[in-house]
Amino acid sequence: MTALSAELSAIAGAAFAAEGLSQSFGQVQRSDRPDLAQFQCNGALAAAKAAKTNPRAVAEKVAARLKVNPLFAKVEIAGPGFINLDLTDDALTARGVALAHDGNLGAPETGKGKAMVIDFGGPNVAKPMHVGHLRSSVIGDSLQRLFRANGWTVTSDIHLGDWGLQMGQLISEIEHRGIAPVYFDPDFTGEYPAQSPVSMEDLEEIYPAASAACKADPARLEEARKATAELQAGRRGYRALWQQFFNVSKVGLDREFSSLGIHFDMWKGEASVDAITVPMVEDLKARQIAVESEGALVIPVERNSDKKEMPPLILVKSDGAVLYGTTDLATIVDRVKEQNPDLILYVVDQRQHLHFEQVFRAAEKAGIAGKATLEHAGFGTMNGTDGKPFKTRVGGVMKLFDLIAMVTAEAKKRLTEQGIGEDYSAEERADIARKVGIATLKFADLSNYRLTDYIFDLERFSKFEGKTGPYLQYAAVRIQSILRRAAEQGFAPGDPATHSPEERTLFLQLLALPDAMTAAEKGRAPNILCDYAFTLAQNYSRFYSEHHILSESDAALRAARLGLSALTLAVLTKVLSLLGIEVPERM
RNA sequence: GGACCCGUAGCUCAGUUGGAUAGAGCAGCUGCCUUCUAAGCAGCAGGUCGCAGGUUCGAAUCCUGCCGGGUUCGCCA
């Protein structure tokens, strides 16, 4: 179905066109002044500026044409030339009913016929996920849900960090410790053991130790570099050991992402493109796109128009190892071959912006991106209450697993305090606490614009009051409860209708869903969806406190309000699902 | 030092194709639970939008300079 804003814009656009002005001036949007009108059109101001005429006169002419349309209850000109519009309740009701009967709830089809690959999460093999991975995962997941809902064919890829220096550091640390000598015996030709020589817990201890050793001792760093290069060159024992790291890590990552309700279509990573890296590098060398510089093989990407220094992308280090820029390029080749997307979106920390600019320029120069637009959707840092990157009380990196446990415990505490759910099963209580805890985390993260750093204050978010995930779940749960009770009493929801100011406001917000989805896609900005959902829940709460539904004696009015409640629930649940937030049956 | 980002209410944040009286949550103060879940609702109070200029009928938004904070600048990811 056509979005209401689009319908109104077309009507106003036609009015401008009839006056010999560009149709584009007809853009209609929700009013900034709800006390004055439901919608506004500011096009007369821009049109008058372009034509160097009086804006008020332009507005008068356009308004005269709009006034004859029975859709409008009010057409007014205000201030320098704003056109203020109100719809009749009948027009509003008709569109609300259409929305209620639309299976997609008016979702825009901006991505119809288009394919994209979205790259997010990016956890490292052999390292537990920490809060730093939260933003990429949560924002990326919301974007993949949004783009899919808007009609795109989406392929998500976790893009594991599994091929760089950190692998060499692990390998050389394990060699030092003498944990699994068979993997280091160059003469060994038999089968390596099926059982991993290290557990995930071992790796969590070994990795920081290896990293520290390399930092403290240049000789150790050199060993790690050598091991990295040998791994990439295909040394058999190292490859086998790498496979064990991967297997062990996958179990933990699966657990983490499933607890967050995040799904990836592909579990590829840097190592996945190993086989196509060498041919790609050879090809780039042959075509003189890659050249030698200071012992390394690089792709120069600077341009004359650059105002800043643009270092070349390094493909192969002087020691023969490849870097993540190389694997990123090879991954583009792989994605173009497999998915041939229109868009590849990278949801990665903003601090890597320069890196992506280098990679994108290199890809363009090499002509390997097919029809795909390459775009980096960066995000800011999650900080603690001191404004510095989030740490535990003792100053360590907080594991994502522990963070989820903390918010879940807070939710459970609140349930107990409220005395709600005393008669629920232990399983349901745990399920509610989990859903509320995850909602707290995700909403806190998503409601900030992605590029700005934000402060994560567990204490504040755990209050579950005001603009929080649980507030939205609570609003949905209350509607579910009403609908359940209505069903018990034999009251069936009817078509929604507009009578009161509270209903009118709610209708307007419900009908604005496509605008929120379009704007969120355009800005790759889930915070727009958060704002929309919060306002919707607020609008409903007001309606809820103003009209007691089940005790309404007028059966038709009661049915209409049940219908409006059901529609609100459907829209709210849908937006929450776009944010990756689940609604419990009750809470 | 160069480039990029940020500076909005006591706190945390929305708000840029330039538009009407700059919004929300928290904290503070007032009310509202013998009717559908008070994790709620209604209201009050709180800001020279970092500073100074400029463009414009109109600037939190665009331009210039300055102050303050952050990120980044070839062999880590």
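Lettering follows sequence order; numbering is per chain, from 1. FYI, side chains are in, hydrogens and waters are out, and symmetry mates aren't considered; it's all heavy atoms of this structure.
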Engineer: Can you tell me if the side-chain N/O atoms of A:Tyr540 get under 4.0 Å from OP1 or OP2 in B:G40?
Structural biologist: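 No, no such contact exists.
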Engineer: Using whole Å, report how far CG of A:Asn527 lies from C1' of B:U12.
Structural biologist: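 Result: 14 Å.
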Engineer: Check every strand shown and say whether A:Met587 touches a base, only sugar-phosphate, or nothing at a heavy-atom separation below 4.0 Å.
Structural biologist: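 It contacts base atoms.
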Engineer: What's the gap between B:C51 and B:U12 when it is taken at their C1' atoms, as a whole Å value?
Structural biologist: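 Looking at atom C1' only, B:C51 and B:U12 are 24 Å apart.
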Engineer: A:Ile455 near the nucleic acid: base, sugar-phosphate alone, or nothing, with a heavy-atom cut-off under 4.0 Å?
Structural biologist: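 Sugar-phosphate only.
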Engineer: Tell me whether the rings of A:Phe360 and A:Phe356 are parallel (<30°), tilted (30 to 60°) or perpendicular (>60°).
Structural biologist: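 It falls in the tilted class, 30° to 60°.
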Engineer: Decide whether A:Ser565 and A:Tyr540 meet the rule of one side-chain donor and one side-chain acceptor closer than 3.5 Å.
Structural biologist: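 Yes.
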Engineer: With C1' as the reference atom in both, quote the distance from B:G23 to B:A60 in angstrom, rounded to an integer.
Structural biologist: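 Comparing C1' positions in B:G23 and B:A60 gives a spacing of 12 Å.
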Engineer: Does A:Ser293 make a side-chain donor-acceptor contact with the base of B:G74, cut-off 3.5 Å?
Structural biologist: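 Side chain to base: pair present.
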Engineer: Is there a Watson-Crick or G-U wobble partner for B:G53 with both distances under 3.5 Å, and which nucleotide is it?
Structural biologist: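 Pairing partner, where one exists within any strand: B:C63.
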Engineer: Applying the 5.5 Å / 30° rule, does A:His548 stack onto the base of B:C36?
Structural biologist: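 A:His548 vs B:C36: stacking yes.
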Engineer: Using the aromatic ring of A:Tyr474 (for Trp, its six-membered ring), decide whether it stacks on the base of B:G40 within the limits of 5.5 Å and 30°.
Structural biologist: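 So no, this residue does not stack on that base, at least one cut-off failing.
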Engineer: Would you say the ring centers of A:His355 and A:Tyr324 fall short of 6.0 Å from each other?
Structural biologist: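 Ring centres of A:Tyr324 and A:His355 closer than 6.0 Å.
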Engineer: For A:Tyr474 and A:Tyr471, I'd like to know if the aromatic rings sit close, meaning centre-to-centre distance below 6.0 Å.
Structural biologist: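 No: the rings miss the under 6.0 Å criterion.
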Engineer: Once you round it to whole Å, what is the distance between C1' of B:G19 and CD1 of A:Ile77?
Structural biologist: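 Spelled out: CD1 on A:Ile77 to C1' on B:G19 is 16 Å.
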Engineer: Which part of the nucleic acid does A:Ser541 contact within heavy-atom distance under 4.0 Å: base, sugar-phosphate only, or nothing?
Structural biologist: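 Result for A:Ser541 = sugar-phosphate.
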Engineer: For A:Arg586, report the nucleic acid contact type (base, sugar-phosphate, nothing); a contact means any heavy atom under 4.0 Å.
Structural biologist: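 Here A:Arg586 touches the bases of the nucleic acid.
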Engineer: With a 4.0 Å cut-off on heavy atoms, is A:Gly161 in touch with a base, just the backbone sugar-phosphate, or nothing at all?
Structural biologist: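 Contact class for A:Gly161: none.
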Engineer: Can you measure A:Phe456 atom CZ to B:G25 atom P for me and round it to whole angstrom units?
Structural biologist: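 It works out to 21 Å between those atoms.
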Engineer: Which residue, A:Leu354 or A:Glu294, contacts RNA chain B at a nucleotide closer to its 5' end, judged by nearest heavy atom?
Structural biologist: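 Between the two, 5'-proximity favours A:Leu354.
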Engineer: Check whether any side-chain nitrogen or oxygen of A:Gln480 sits under 4.0 Å from OP1 or OP2 of B:C36, and answer yes or no.
Structural biologist: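 For B:C36, neither OP1 nor OP2 has a side-chain N or O of A:Gln480 closer than 4.0 Å.
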Engineer: Based on the glycosidic angle (syn within 90° of 0, else anti), state the conformation of B:C33.
Structural biologist: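 In terms of base orientation relative to the sugar, B:C33 is syn.
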Engineer: Do the side chain of A:Gln40 and the base of B:A20 come within less than 3.5 angstrom through a donor-acceptor pair of N or O atoms?
Structural biologist: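 Counting by modelled atom types and ignoring angles, a donor-acceptor contact under 3.5 Å is found here.
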Engineer: Determine, stepwise, if the pair A:Leu446 / A:Ile139 fulfils side-chain contact (heavy atoms from CB on, under 4.5 Å).
Structural biologist: CA-CA 6 Å; A:Leu446 293 172; A:Ile139 295 170; 3.9 Å; yes
Engineer: Measure the distance from CG on A:Asp328 to P on B:A77 and round it to the nearest whole Å.
Structural biologist: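 After rounding, the reported distance stands at 10 Å.
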Engineer: Looking at every strand, decide which applies to A:Lys467 at a 4.0 Å heavy-atom threshold: base, sugar-phosphate, or nothing.
Structural biologist: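 Sugar-phosphate contact only - A:Lys467 comes under 4.0 Å of backbone atoms but never of a base.
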Engineer: Need one value for A:His159: base, sugar-phosphate or nothing, where a base atom within 4.0 Å counts as base even if backbone is also close, heavy atoms only.
Structural biologist: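 If one applies the 4.0 Å heavy-atom cut-off, A:His159 turns out to touch nothing in the nucleic acid.
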Engineer: Between the side-chain atoms of A:Asp32 and the base atoms of B:A22, is any donor-acceptor pair under 3.5 Å?
Structural biologist: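 Absent.
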Engineer: Using a heavy-atom cut-off of under 4.0 Å over every strand shown, decide if A:Val316 touches base, sugar-phosphate, or nothing.
Structural biologist: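 Nothing, no nucleic acid heavy atom in range.
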Engineer: Looking only at atom P, what distance separates B:G46 and B:G69, rounded to whole Å?
Structural biologist: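 Here B:G46 and B:G69 have their P atoms 32 Å from each other.
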Engineer: I'd like the C1' distance from B:G18 over to B:U56, given in whole Å.
Structural biologist: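 These two C1' atoms come out 9 Å apart once rounded.
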Engineer: What nucleic acid atoms does A:Leu297 come within less than 4.0 Å of, heavy atoms only: base, sugar-phosphate, or nothing?
Structural biologist: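 The answer is nothing, as A:Leu297 stays clear of every strand by at least 4.0 Å.
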Engineer: Between B:C13 and B:G31, how far is it from one P atom to the other, in whole Å?
Structural biologist: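 Going atom to atom, P in each nucleotide, I get 32 Å.
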Engineer: Take atom CZ of A:Arg485 and atom P of B:C36, then tell me their distance rounded to the nearest Å.
Structural biologist: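 Answer to the nearest Å: 7 Å.
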Engineer: Give A:Leu36 one of three labels, base, sugar-phosphate or nothing, depending on what nucleic acid heavy atoms sit under 4.0 Å from its own.
Structural biologist: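 Base contact - A:Leu36 has a heavy atom under 4.0 Å of at least one base atom.
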Engineer: If you measure from the C1' atom in B:C66 to the same atom in B:A9, how many Å do you get, rounded?
Structural biologist: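 These two C1' atoms come out 25 Å apart once rounded.
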Engineer: Checking A:Asp445 against A:Tyr454: is there a side-chain donor and acceptor pair closer than 3.5 Å?
Structural biologist: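 Yes, because at least one side-chain N or O of A:Tyr454 sits under 3.5 Å from a partner of the opposite role on A:Asp445.
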Engineer: When the nearest nucleotide of RNA chain B is assigned to A:Asp162 and to A:Phe464 on a heavy-atom basis, which residue is associated with the more 5' position?
Structural biologist: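 Per heavy-atom nearest nucleotide, the more 5' residue is A:Phe464.
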Engineer: Under a 3.5 Å cutoff, is there a donor and acceptor pairing between the side chains of A:Ser500 and A:Glu503?
Structural biologist: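 Yes - a donor-acceptor pair under 3.5 Å links their side chains.
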Engineer: Taking 4.0 Å as the cut-off, does a side-chain nitrogen or oxygen of A:Thr452 come that near to OP1 or OP2 on B:A14?
Structural biologist: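 Yes, A:Thr452 has a side-chain N/O under 4.0 Å of OP1/OP2 on B:A14.
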Engineer: B:G25 P sits how many Å from A:Tyr449 OH, rounded?
Structural biologist: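 Distance check: A:Tyr449 OH to B:G25 P gives 23 Å.
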Engineer: Using a heavy-atom cut-off of under 4.0 Å over every strand shown, decide if A:Arg414 touches base, sugar-phosphate, or nothing.
Structural biologist: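 A:Arg414: base contact, heavy atoms under 4.0 Å.
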Engineer: Base, sugar-phosphate, or nothing: which does A:Gln27 touch, judged by heavy atoms less than 4.0 Å apart?
Structural biologist: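 Counting heavy atoms under 4.0 Å across all strands, the contact made by A:Gln27 includes a base.
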Engineer: What is the nucleic acid contact for A:Gln358, judged by heavy atoms within less than 4.0 Å: base, sugar-phosphate only, or nothing?
Structural biologist: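 Counting heavy atoms under 4.0 Å across all strands, no contact is made by A:Gln358.
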Engineer: Rounded to whole Å, please give me the gap between CZ in A:Arg542 and C1' in B:C32.
Structural biologist: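 Atom CZ in A:Arg542 sits about 14 Å away from atom C1' in B:C32.
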Engineer: Please state the C1' separation for the pair B:U61 and B:U55 - nearest whole angstrom.
Structural biologist: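 Approximately 14 Å lies between the C1' atom of B:U61 and that of B:U55.
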Engineer: How many Å lie between NZ on A:Lys127 and C1' on B:A77, as a whole number?
Structural biologist: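 Those two atoms, NZ and C1', are 8 Å apart.
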Engineer: Rounded to whole angstrom, note down the P distance from B:U16 over to B:C11.
Structural biologist: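 Rounded to whole Å, the distance is 23 Å.
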Engineer: Which part of the nucleic acid does A:Leu45 contact within heavy-atom distance under 4.0 Å: base, sugar-phosphate only, or nothing?
Structural biologist: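 Base contact.
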Engineer: Between the base of B:G19 and the side chain of A:Lys49, is there a donor-acceptor distance below 3.5 Å?
Structural biologist: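 Such a pair does not exist between side chain and base.
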Engineer: Set out, in order, the CA-CA distance, both residues' side-chain angles and the distance that settles side-chain hydrogen bond (donor to acceptor under 3.5 Å, both in side chains) for A:Thr505 and A:Asn539, then state yes or no.
Structural biologist: CA-CA 7 Å; A:Thr505 305; A:Asn539 290 163; 5.8 Å; no
Engineer: Check the pair A:Asp328, A:Tyr346 against side-chain hydrogen bond (donor to acceptor under 3.5 Å, both in side chains), reporting the backbone distance first and the verdict last.
Structural biologist: CA-CA 11 Å; A:Asp328 278 350; A:Tyr346 297 83; over 6 Å; no
